[in-house]
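Reading through the structure tokens given below for one structure.
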Amino acid sequence: MESPPTEANGGDFFAARLLDWFDAHGRHDLPWMHPRTPYRTWLSEIMLQQTQVATVIPYFLRFVTALPELPTLAVTAPDEVLALWSGLGYYSRARNLHAAAKCCMAAHGGDLPRDFTALLALPGIGRSTAGAILAQAWGERFPILDGNVKRVLTRLYGIDGWPTAPAVEKRLWALAEAALPSSPATRPRMADYTQAQMDLGATVCTRARPRCDECPFTDTCVAKRESRTSELPTSRPKKIIPQRETRMLWLRDIEGRTLLARRPTSGIWASLWSLPEADDQDGIDRLVARHAHASEMPRGEALPPIEHAFTHFRLRIRPWRLDGIAPRARVGDNDDLRWVAPEAFAALGIPAPVRKLIEENTP
DNA sequence: AACCCGGGGAT
DNA sequence: ATCCCAGGGTT
């Protein structure tokens, strides 16, 4: 076949060549493949949302060691699940994972459902993740459309426009559907096919400097033929990122415990444990007065500001540290406020910059 | 359709 | 410094 597959002739050109490439050059030993159970597949797909493989691997291994099966996850305390997720980001993934596990216990006999609609109904599972789970765990014939597939398809077909824009995404879904394995040789290999797309995108059809000479589609790729691999996929529309600022109070008592506050259940770092915050130094002073005896109120010291970048804003954290406090009785220990010893930090979900601040300044 | 939600790897 | 990654949920 001389031309790339189209919506009309998708046939088996794409799958057959991709699988041949995968057999020789694909990744066959990522941690969630051995063993490749539905639970491990699901967990890996959630962790891999917007997160690169190398980042996920240590978190995945720690998570499945602590919670090796779905029923174990379902009965685990939310704080412990968040602790296992701590540092990985997008914490709603962990909360949704936990809620979905409970749902599987209540409605699906303790297993992940082998059904597209039922999977899609679980929190944290969208169309692409549902397809990835069905294809990889059970060999079901469903397409995926992640960042890798979007990149491969926009280049192979020369598709302009930001791939996340609804109109472009709709077209890409149609192409992904049309490219699915359809012959007796490829149809039984849905798990490999799904993995192969992601491997091609991650190792050959990379965002910068793609290795086109190693690509099985270098002869048919529109972007390659027109020298547009650096332009496709179209980058996201530029936006001005606002800068925000906050102050955090790092209060330690005479035993070296730190006062932590639970964050609100919505917004950034929802439900995680963090340092008490204030908008200005007056607010910090008021927090100190609330948690320390007036008779022993030292001034404390400013630590170097921390710059933390999110997708949609930048945050400057100005930490204020004060040691040797004798906590005021009854103020500091409830569901939203706790004095925590350094050894107990590991059991709590704590925002990455806050954990880093504390670790780097604790002897 | 636009926005919200983290952290880090790659360049 | 900038982009964006094995996306999904909410408004």
Side-chain angles (χ1 to χ4, degrees), chain A residues 26-27 30-33 40-60 82 85-97 99-100 119-133 135-136 143-152 161-170 172-173 176 191 194-203 205-210 230 233-242 263-272 274 306-315 349-356:
Chain A
R27 295 175 292 189
L30 294 170
W32 38 90
M33 299 174 175
R40 291 164 61 92
T41 302
W42 170 43
L43 175 63
S44 73
E45 287 300 327
I46 301 302
M47 284 189 166
L48 287 161
Q49 287 171 359
Q50 301 297 100
T51 312
Q52 296 181 351
V53 168
T55 301
V56 163
I57 287 176
Y59 285 89
F60 176 85
L82 282 174
W85 212 271
S86 188
L88 198 53
Y90 284 121
Y91 298 95
S92 64
R93 292 184 294 175
R95 284 188 295 277
N96 286 334
L97 188 82
L119 278 176
L120 204 56
L122 294 173
I125 298 181
R127 181 177 177 183
S128 187
T129 299
I133 293 169
Q136 300 198 73
I144 60 169
L145 189 62
D146 64 354
N148 290 306
V149 179
K150 284 178 176 177
R151 192 166 52 252
V152 169
W162 184 40
T164 302
V168 180
E169 191 166 270
K170 184 178 179 182
L172 292 172
W173 270 117
T194 301
Q195 185 62 42
Q197 294 173 87
M198 299 189 280
D199 287 356
L200 186 70
T203 66
C205 195
T206 50
R207 183 165 67 87
R209 304 200 320 171
S230 64
T234 305
S235 58
R236 83 155 52 230
K238 290 190 191 301
K239 284 195 330 185
I240 295 173
I241 304 298
R263 295 186 55 82
T265 54
S266 65
I268 204 81
W269 297 327
S271 300
L272 270 63
S274 184
I306 300 165
E307 302 288 345
H308 193 71
F310 298 90
T311 307
H312 50 301
F313 67 93
R314 299 178 186 282
L315 182 65
I350 298 173
V354 176
R355 190 183 293 279
K356 188 177 174 192

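Convention: sequence-line order gives letters A, B, ...; per-chain numbering from 1.
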Open item on the list: Need to verify one output field. Residue with the more 5' nearest nucleotide on DNA chain B, A:Arg236 or A:Pro166?
Closed with: A:Pro166

Open item on the list: Roughly how many Å apart are C:dG8 and B:dG9, using the P atom of each and rounding to a whole number?
Closed with: 23 Å

Open item on the list: Does A:Thr311 contact B:dG6 through a side-chain donor or acceptor facing the base, at a distance under 3.5 Å?
Closed with: yes

Open item on the list: Using a distance-only criterion (donor-acceptor N/O pair, under 3.5 Å, no hydrogens), is the base of C:dA6 paired with the side chain of A:Arg93?
Closed with: no

Open item on the list: Checking side-chain polar atoms at under 3.5 Å, does A:Ser271 have a donor or acceptor matched by the opposite partner on A:Arg95?
Closed with: no

Task: Proximity to the side chain of A:Arg151 - top-ranked nucleotide from B:dC5, C:dT2, C:dC5 - done: C:dC5

Task: Pair A:Asn96-A:Arg93, side-chain donor/acceptor within less than 3.5 Å - done: no

Protein-nucleotides 8-11 of chain B N/O pairs closer than 3.5 Å?
residue, atom, partner, partner atom, Å
B:dG9, O4', A:Gln52, OE1, 3.0

Open item on the list: Give me the distance, rounded to whole Å, that separates B:dG6 from C:dC3 when you measure between the C1' atoms they each carry.
Closed with: 15 Å

TODO: Please state whether the rings of A:Phe60 and A:Trp32 are parallel, tilted or perpendicular, taking 30° and 60° as the class boundaries.
DONE: perpendicular

TODO: Flag yes if more than 12 heavy atoms outside A:Arg27 fall under 6.0 Å of its CZ atom; otherwise flag no.
DONE: yes

Task: Touch class at under 4.0 angstrom, heavy-atom based, for A:Gln136 against every strand present - done: nothing

- [ ] Determine: side-chain N/O of A:Trp269 to OP1/OP2 of B:dG7, distance under 4.0 Å, yes or no.
- [x] yes

Open item on the list: Between A:Arg127 (side chain only) and A:Trp173 (backbone N and O only), is there a donor and an acceptor less than 3.5 Å apart?
Closed with: no

Task: Candidates C:dC3, C:dA6, B:dG7 - which lies nearest the side chain of A:Tyr91 - done: B:dG7

- [ ] Among the candidates C:dT2, B:dG6, B:dC4, find the nucleotide nearest to the side-chain atoms of A:Gln50.
- [x] B:dG6

TODO: For the side chain of A:Gln49, starting at C-beta, report the closest nucleotide among C:dG7, B:dC5, C:dC4.
DONE: C:dG7

Task: Any donor-acceptor N/O pair, A:Arg263 side chain to A:Ile268 backbone, under 3.5 Å - done: yes

Task: Test applied, side chain to side chain contact (heavy atoms under 4.5 Å, CB included); reference residue, A:Gln197; option that passes from A:Leu145, A:Val149, A:Asp146 - done: A:Val149

Task: Per A:Trp32 side chain, nearest of listed nucleotides B:dG7, B:dC4, C:dA6 - done: C:dA6

Open item on the list: Would the base of C:dG8 count as contacting A:Thr129 through its side chain, where contact means a donor and an acceptor less than 3.5 Å apart?
Closed with: no

- [ ] Taking atom C1' in both C:dC4 and B:dC5, compute the distance separating them and give it to the nearest angstrom.
- [x] 15 Å

- [ ] Using the C1' atoms only, state how far C:dG9 lies from B:dG8, rounded to an integer number of Å.
- [x] 23 Å

- [ ] Between A:Arg27 and A:Leu122, name the one whose nearest nucleotide on DNA chain C is closer to the 5' end.
- [x] A:Arg27

